[in-house]
Amino acid sequence: MAFAILAQCLNFLLCALLLLKTEGFNVGITYVQNAVAKGAVCLDGSPPAYHWDKGFGAGVNNWLVHFEGGGWCNNATTCLSRKSTRLGSSKEMVKEVAFSGLLSKFQKFNPDFYNWNRIKVRYCDGASFTGDVEAVDPATNLHFRGARAWLAIIEDLLSKGMRSAENAILSGCSAGGLTSILHCDNFRALVPIGARVKCLADAGYFINTKDVSGAQHIEAFYSEVVATHGSAKNLPSSCTSKMRPGLCFFPQNMVQQIKTPIFLVNAAYDSWQIKNILAPGVADPHGHWHSCKLDIKNCSPTQLSTMQDFRTQFLSALNGLGTSSSRGLFIDSCYSHCQTEMQETWLRDDSPLLARTTIAKAVGDWFYDRSPFQKIDCPYPCNPTCHNRVFDPKKLSEL
């Protein structure tokens with residue numbers, strides 16, 4: 001009897017390990033060492049880095065360049081707090097990261113991009129790769145050189161085969177999703193003219209709205225990010241010629257000028273934006289929103305009403321995107337943030353659906369021009385396929 005139970009346990013463990021092996025796999029790190037001489041470095045002066053799983057078969061000349069997320073730093077103090085972490089130094093980055101979702105190498109889990117060259121770029125500049133300040137304060141030794149690092153990374157990939165690209169995607173999650181929006185046309189200009197090039201932003205459409213106290217918290221924060229990092233020169237002049245540079249960090253103010261086809265994957269109740277833009281700690285000193293932000297099921301009727309208003313503002317901010325079929329939309333009614341990197345939300349039997357379509361199929365159909373996709377979900381809680389985030393109370397980050 002004991003032997004039979006042991007055998008069953010071992011069989012279960014084996015199945016679990018096989019599932020883990022088929023859904024994700026580790027990829028080693030590459031440091032762009034020659035970037036240092038160009039001053040194209042992380043906050044601490046270390047070289048930028050990425051993880052690259054090479055393409056194979058029919059995908060050998062196809063490239064997916066995906067940028068990691070991780071928020072922003074808006075002054076010397078907040079940037080110093082990142083400088084000695086993986087978000088400010090390649091010295092602190094793990095040597096391997098797991099690839100899954102749109103980075104998976106398994107056809108079953110990523111049918112349109114599994115055999116492409118898939119790159120995950122590590123995030124270490126604190127300003128969505130837009131900054132470029134020549135001077136380095138010896139007191140802090142902070143380097144605000146994100147725009148140079150971005151170019152050094154892309155040039156490194158071009159030298160390793162992307163110059164022969166037939167298809168290419170610039171993508172990213174969160175602050176990396178904003179990177180893919182802000183650099184979309186720059187990427188198109190650097191990749192061969194004959195290639196099919198498009199951009200994908202996952203949870204990167206951060207909106208400019210008041211917080212629950214009525215303050216313009218995120219607007220002030222973004223203005224400080226842009227000023228600290230010297231980002232203005234690297235934001236679209238079509239926007240900065242009309243409004244303050246900090247406002248051009250918001251996609252809603254510059255996305256209409258993007259010429260390259262772009263697809264937005266976003267939750268209308270983006271959990272990061274609810275936690276940090278709508279109800280940041282500074283706007284909720286008594287913690288009335290704390291439980292709601294941890295789990296949307298804990299929200300009071302009044303809080304849900306406020307979140308429905310946020311959704312209305314989010315959808316309004318999408319208006320500038322236009323209706324061209326070159327623009328893709330997958331806006332679900334989930335309480336989540338970043339849905340392309342995780343297998344469970346990218347493509348699995350229980351993945352979120354819009355119009356009976358997974359994110360993976362919607363993006364693949366749009367990229368290969370099989371069919372356009374511009375779908376906006378009904379309001380929460382209408383979609384039973386959502387994977388709504390439930391957060392650990394100890395890990396509720398704030399701006």
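Computation of the quantities below employed the complete heavy-atom set of this structure, encompassing side-chain atoms and omitting hydrogens, waters and symmetry-equivalent molecules. Sequence positions, counted from 1, serve as the residue numbers for this chain.
- Arg148 has a carboxylate O that lies under 4.0 Å from a charged side-chain N of Glu134, or vice versa, which qualifies the two as a salt bridge.
- Cluster note: Val41 groups with Val36 through ILVMFWY side-chain heavy atoms spaced under 4.5 Å, whether in direct contact or through intervening members.
- For Arg196, the side-chain contact (heavy atoms from CB on, under 4.5 Å) partners two or more places apart in sequence, or in a different chain, are Asn167, Lys198, Phe367, Tyr368, Asp369.
- A distance of 9.0 Å separates CG in Asp270 from CG in Asp202, rounded to the nearest 0.5 Å.
- The ring pair (Phe, Tyr, Trp, His ring centres under 6.0 Å) check on His66 picks up nothing, with sequence neighbours excluded.
- Taking Asn234 as the reference, nothing meets the side chain to side chain donor-acceptor pair (under 3.5 Å) condition, with sequence neighbours excluded.
- Judged as a side chain to side chain donor-acceptor pair (under 3.5 Å), and not counting sequence neighbours, Thr312 has no contacts.
- Taking the six-membered ring where the residue is Trp, the centroids of Tyr335 and Tyr380 are separated by 6.0 Å or more.
- Looking at Glu219 and Arg244, a side-chain N of the basic residue comes within less than 4.0 Å of a carboxylate O on the acidic one, giving a salt bridge.
- Put simply, Ile153 and Tyr31 are part of two different groups of oily side chains (I, L, V, M, F, W, Y) that touch within less than 4.5 Å, one to the next.
- Residue pairs meeting the disulfide bond (SG atoms under 2.5 Å apart) criterion with at least one member in residues 287-328, sequence neighbours excluded, are Cys292-Cys299.
- Every residue meeting the side chain to side chain donor-acceptor pair (under 3.5 Å) condition with Asp156, not counting sequence neighbours, appears here in chain and number order: Tyr50, Lys160.
- For His143, there are no ring pair (Phe, Tyr, Trp, His ring centres under 6.0 Å) partners two or more places apart in sequence or in a different chain.
- Summarising the hydrophobic clusters (Ile, Leu, Val, Met, Phe, Trp, Tyr; side-chain heavy atoms under 4.5 Å, direct or chained), the residues clustered with Leu80 are Leu43, Val133, Leu142, Phe144.
- Checked against ring pair (Phe, Tyr, Trp, His ring centres under 6.0 Å), Phe206 has the following partners two or more places apart in sequence or in another chain: Trp72, Trp272.
- In terms of the side chain to side chain donor-acceptor pair (under 3.5 Å) criterion, Lys91 has no residue partners (sequence neighbours excluded).
- Applying the ring pair (Phe, Tyr, Trp, His ring centres under 6.0 Å) rule to Phe129 yields the partners Phe67, Tyr123; only residues at least two apart in sequence or on another chain are considered.
- Salt-bridge check for Asp44 with Lys83: failed, with every basic side-chain N at 4.0 Å or more from each acidic carboxylate O.
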